[in-house]
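Structure first, then comments.
Note that the structure is a prediction, hence the values are computed from the model and not measured.
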Amino acid sequence: MKKVFSLFAALLLFTNIYSQEVTFWSDIPNDELATLITDQMTNTELYSQILMFGWAGAEPEEILYQWVRRGLGSVKVFGWNTDDIHLVAKSITNLQKSANNNRFQIPLFVATDQEGGWIRHVKGDTTITPGNMAIGAGGYPIDSWYTAYYISKEIKCLGINMNFAPTVDLFTNFDSTIIGTRSFGSDPEKSGILGAAFAAGSEAAGVIPTVKHFPGHGDTELDSHGKLPVIDIDFETFTTRELVPFNYLIQHGVPALMTGHLSFPQIDSTGAPASLSNYFLTQLLRNQLGYKGLIITDDMMMVGATSYAGSLSEAFKMAIEAGNDIILSSTTAKLNEALWTKNLDRMSSDQAFYERVKDAARRVIKAKLDYFKSGNAAPLYPDPNTIDNFVPDKEGQKFFLEQACRSITIEKKGNIPYTKDNSGRILLVGSLESFFKDGKKRYPEAGEFRFSYETGPNETQWVIDNLPGVAKSYDTIILCVSSENHVKIADIFKNSGKKVIILNTRSPILAESLSWADCVLIGYSWRCEYSLNAMLGVINGEFEAEGIKPF
């Protein structure tokens with residue numbers, strides 16, 4: 001009788017728990033609460049929870065709020081609406097308040113791409129950092145940790161709680177226009193170590209890191225935004241190169257991972273992009289590598305996804321079935337689009353598909369519970385009036401200059417240091433105001449010649465025609481190079497009899513064609529004042545460059 005009573009009491013307790021009205025903030029263990037919520041969700045709520053949409057204007061349009069009221073799980077802040085970071089914070093506050101009005105009060109994941117260096121979607125006064133390849137050249141994991149920490153502190157105060165970084169794609173195809181200096185370098189193990197340090201620094205600051213682009217975007221010059229890249233490598237190369245940094249981060253418990261629209265036909269003979277491949281995401285990533293975190297697609301509006309699937313709705317379906325937990329679209333879908341209606345109908349008719357959506361929703365909610373109840377989460381309702389106290393981060397500014405100094409690499413040393421005593425009259429040639437400001441501090445009497453950072457063919461020719469006349473009365477040229485057109489400009493000084501010092505400020509591959517110059521330094525960075533300042537410090541003899549090319 002006692003056993004019967006105990007069984008009845010347990011059954012009654014179980015029934016009461018599962019019949020009670022719960023919210024995201026109910027005082028129930030996270031595992032149980034995630035299950036309770038998903039068990040009570042409608043199909044609409046389950047499917048909405050695994051979607052992530054962006055918005056196009058300066059502020060979210062009404063259609064995005066309609067999706068949030070429907071139960072949208074996540075939003076993405078893209079780089080086209082972030083010049084006013086105060087408005088970004090205001091928009092996030094309004095979206096989170098709208099989400100809080102839903103019956104389960106589940107907050108939104110708010111994501112962005114703030115990798116550092118070249119990729120910086122949140123603009124305004126946020127810091128332009130030296131970037132991943134500069135970290136790789138310095139070689140210190142602590143630089144990767146603090147880079148992520150300070151980047152994350154800046155975006156966290158805006159209410160952004162997830163960052164699509166670090167990028168651990170390897171720098172194996174030197175013609176790549178999509179990865180390049182976003183990579184830590186070509187060494188798989190070193191990239192894994194630096195990536196894990198970056199992820200740890202992000203988490204310490206209170207932002208969820210997302211390693212990308214699984215299983216590796218480095219060995220192709222194609223951009224998956226416009227075409228499906230095919231990486232035709234064998235299984236041994238794949239496992240001993242591409243997979244190594246991802247496996248390292250998986251072993252260190254990275255909480256989120258982004259899948260790439262990348263085809264590896266020798267690995268998955270169907271030719272499906274990894275983002276839509278059950279083999280890559282379920283069999284390999286989940287079952288073999290033991291990954292436990294969230295799986296997030298790259299933007300599904302990219303041709304690399306839709307060209308294989310045939311339609312956007314089919315691509316969404318395949319992405320879900322493959323094992324993704326969050327499906328990302330850079331645009332806000334209309335409420336009646338096929339990517340919604342067809343897959344919502346499929347949940348009613350296909351039990352396996354329903355269970356996969358429910359499993360994904362549970363993973364998302366469990367991850368949110370773990371994060372938002374951690375005590376270190378980004379504010380749900382950031383105060384725009386306090387942002388200027390945190391952005392740019394003052395401690396971060398000091399760190400990034402020091403980090404840049406550790407990254408500078410000498411391609412050709414020449415006669416460093418170059419001073420007014422051994423250089424004669426100096427002409428500074430470049431684009432960025434910080435270059436001229438810091439250059440004039442070292443060489444107050446230097447002349448200046450300016451051109452655009454993104455120099456088109458017409459301007460390039462104008463510079464080639466006019467710069468020699470200006471440079472005629474100078475002995476030493478200090479010239480910034482960040483593109484092939486800038487290389488063409490530099491080439492006018494070949495065999496000119498002048499001392500030429502090159503500051504290579506973007507792809508290090510450009511330096512290989514400039515060996516004729518007297519001195520060539522590599523800074524790896526895109527528009528980064530810290531790297532330019534550091535390179536000027538090297539040529540002025542203020543410290544010795546110790547960076548090593550990470551490839």
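Shown here is N389, whose CG atom has more than 12 heavy atoms of other residues, nucleotides or ligands within 6.0 Å. More than 12 heavy atoms of other residues, nucleotides or ligands sit less than 6.0 Å from atom CZ of F372. Counting non-hydrogen atoms of other residues, nucleotides and ligands closer than 6.0 Å to NZ of K317 gives a total above 12. The environment of CD in E546 is sparse: at most 12 heavy-atom neighbours from other residues, nucleotides or ligands sit within 6.0 Å. For OH of Y146, the number of neighbouring non-hydrogen atoms (other residues, nucleotides, ligands) closer than 6.0 Å is 12 at most. Around atom CD of E395, no more than 12 heavy atoms belonging to other residues, nucleotides or ligands sit under 6.0 Å away. By the 6.0 Å contact criterion, CD1 on I142 is enclosed, its count of non-hydrogen atoms from other residues, nucleotides or ligands being greater than 12. Annotation for K398: atom NZ does not count as buried by contact number, only 12 or fewer foreign heavy atoms lying within 6.0 Å.
The distance from atom CZ of F353 to atom CD of Q351, rounded to the nearest 0.5 Å, is 12.0 Å. Rounding to the nearest 0.5 Å gives a distance of 7.0 Å between CG of D169 and OG of S183. Here OG of S176 is found 8.5 Å from CZ of R182. Values are rounded to the nearest 0.5 Å. Taking CG of D175 as the start and OG1 of T172 as the end, the distance is 11.0 Å to the nearest 0.5 Å. For the atom pair L328 CG and F316 CZ, the distance stands at 8.0 Å (nearest 0.5 Å).
Under the 4.0 Å criterion applied to side-chain N and carboxylate O atoms, R406 and D143 are assigned as salt-bridge partners. Contact check on E355 versus K358 returns no salt bridge, with no Lys/Arg side-chain nitrogen under 4.0 Å from an Asp/Glu carboxylate oxygen. In this structure, K76 pairs ionically with D113, as a charged nitrogen and a carboxylate oxygen lie closer than 4.0 Å. Looking at R362 and D31, a side-chain N of the basic residue comes within less than 4.0 Å of a carboxylate O on the acidic one, giving a salt bridge. Taking 4.0 Å as the cut-off between side-chain N and carboxylate O, R363 and D370 do not count as a salt-bridged pair. Salt-bridge check for K373 with D27: failed, with every basic side-chain N at 4.0 Å or more from each acidic carboxylate O.
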Could you give me the CA-CA distance, side-chain angles and deciding distance for D234 and T237, then say whether side-chain hydrogen bond (donor to acceptor under 3.5 Å, both in side chains) is met?
-> CA-CA 6 Å; D234 60 31; T237 302; 2.8 Å; yes
Derivation of the side chain to side chain contact (heavy atoms under 4.5 Å, CB included) call for N132 and T181:
CA-CA 6 Å; N132 282 1; T181 55; over 6 Å; no
*Evaluate side-chain hydrogen bond (donor to acceptor under 3.5 Å, both in side chains) for S275 paired with H261, printing each intermediate quantity in order.*
CA-CA 5 Å; S275 55; H261 305 313; 2.6 Å; yes
- Item | CA sep, side-chain torsions, deciding dist, call: E321, N278, side-chain hydrogen bond (donor to acceptor under 3.5 Å, both in side chains) | CA-CA 7 Å; E321 291 177 332; N278 181 272; over 6 Å; no
Margin query: Evaluate R527 against R506 for side chain to side chain contact (heavy atoms under 4.5 Å, CB included), listing each step before the verdict.
Written below: CA-CA 8 Å; R527 294 181 177 270; R506 196 165 175 177; over 6 Å; no
Full working for side-chain hydrogen bond (donor to acceptor under 3.5 Å, both in side chains) between T270 and Y279: CA-CA 10 Å; T270 68; Y279 169 77; over 6 Å; no
Is there a side chain to side chain contact (heavy atoms under 4.5 Å, CB included) between S191 and L170 once you walk through the steps?
CA-CA 7 Å; S191 296; L170 301 175; 3.4 Å; yes
(Q) Does K153 form a salt bridge (Lys or Arg N to Asp or Glu O under 4.0 Å) with D393? I'd like the steps, not just the answer. (A) CA-CA 8 Å; K153 281 183 67 180; D393 189 284; 3.2 Å; yes
- In sequence, state the C-alpha distance, the side-chain angles, and the governing distance for L262 and F214, and then conclude on side chain to side chain contact (heavy atoms under 4.5 Å, CB included). CA-CA 9 Å; L262 308 157; F214 181 83; over 6 Å; no
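Using modelled atom types and a 3.5 Å distance limit, the side chains of T127 and Y530 yield no donor-acceptor pair. N100 and Q96 form no side-chain donor-acceptor contact under 3.5 Å, judged by distance and modelled atom types alone. With hydrogens and angles left out, the side-chain atoms of N163 and S202 include no donor and acceptor closer than 3.5 Å. For the residue pair N173/T220, the side-chain donor-acceptor check at 3.5 Å is not satisfied. Defined by atom type and a distance below 3.5 Å, a donor-acceptor pair is missing between the side-chain atoms of S98 and R69.
Of all heavy-atom pairs between I233 and R241, the closest is CG2-NH2, 3.7 Å. Minimum heavy-atom separation, L108 to S74: CD2-N, 4.0 Å. Counting all heavy atoms, side chain and backbone alike, K190 lies closest to G136 at NZ-O, 2.8 Å. Contact record, T297 with A319: CG2-CB, 4.0 Å, taken as the closest heavy-atom pair. The two residues A199 and L249 make their nearest non-hydrogen contact at CB-CD2, 4.1 Å. Contact detail for Q397 and P392: the closest heavy-atom pair is NE2-CG, 3.6 Å.
Looking at T129, its side chain never comes within 3.5 Å of a backbone N or O of G116 through a donor-acceptor pair. Q114 places a side-chain N or O within donor-acceptor distance of the main-chain N or O of H121, the cut-off being under 3.5 Å. A donor-acceptor pair is defined here as one N or O able to donate and one able to accept, closer than 3.5 Å; such a pair exists between the side chain of K156 and the backbone of N376. No donor-acceptor pair under 3.5 Å is formed between the side chain of S277 and the backbone N or O of A274. In this structure, the side chain of N161 engages the main chain of V110 through a donor-acceptor pair within 3.5 Å. Counting only distance, with no hydrogens or angles, the side chain of Y291 and the backbone of L257 share a donor-acceptor pair below 3.5 Å.
Ring centroids of F264 and F280 are separated by less than 6.0 Å, placing the two rings close together. Proximity of the aromatic rings of F174 and F551 is defined here by a centroid distance below 6.0 angstrom, and this criterion is met. With ring centers used as reference points, W55 lies 6.0 Å or more from F78. Under the 6.0 Å cut-off for aromatic ring centres, F198 and W145 do not qualify, their centroids lying 6.0 Å or more apart.
Of the residues listed (P508, S407, S507), the one engaging I522 in a side chain to side chain contact (heavy atoms under 4.5 Å, CB included) is P508, and it is the only one. Just one of N324, D350, D325 meets the side chain to side chain donor-acceptor pair (under 3.5 Å) condition when paired with R356; it is D325.
Using bins of under 30°, 30° to 60° and over 60° for the plane-to-plane angle, the ring pair Y248/H252 lands in the parallel bin.
A cation-pi arrangement is present between K368 and F109 under the rule of less than 6.0 angstrom and at most 45 degrees off the ring axis. Under a cutoff of 6.0 Å and an axis angle of 45°, R70 and W340 form a cation-pi pair.
Residues C528 and F400 fail the side-chain proximity criterion, which asks for heavy atoms closer than 4.5 Å.
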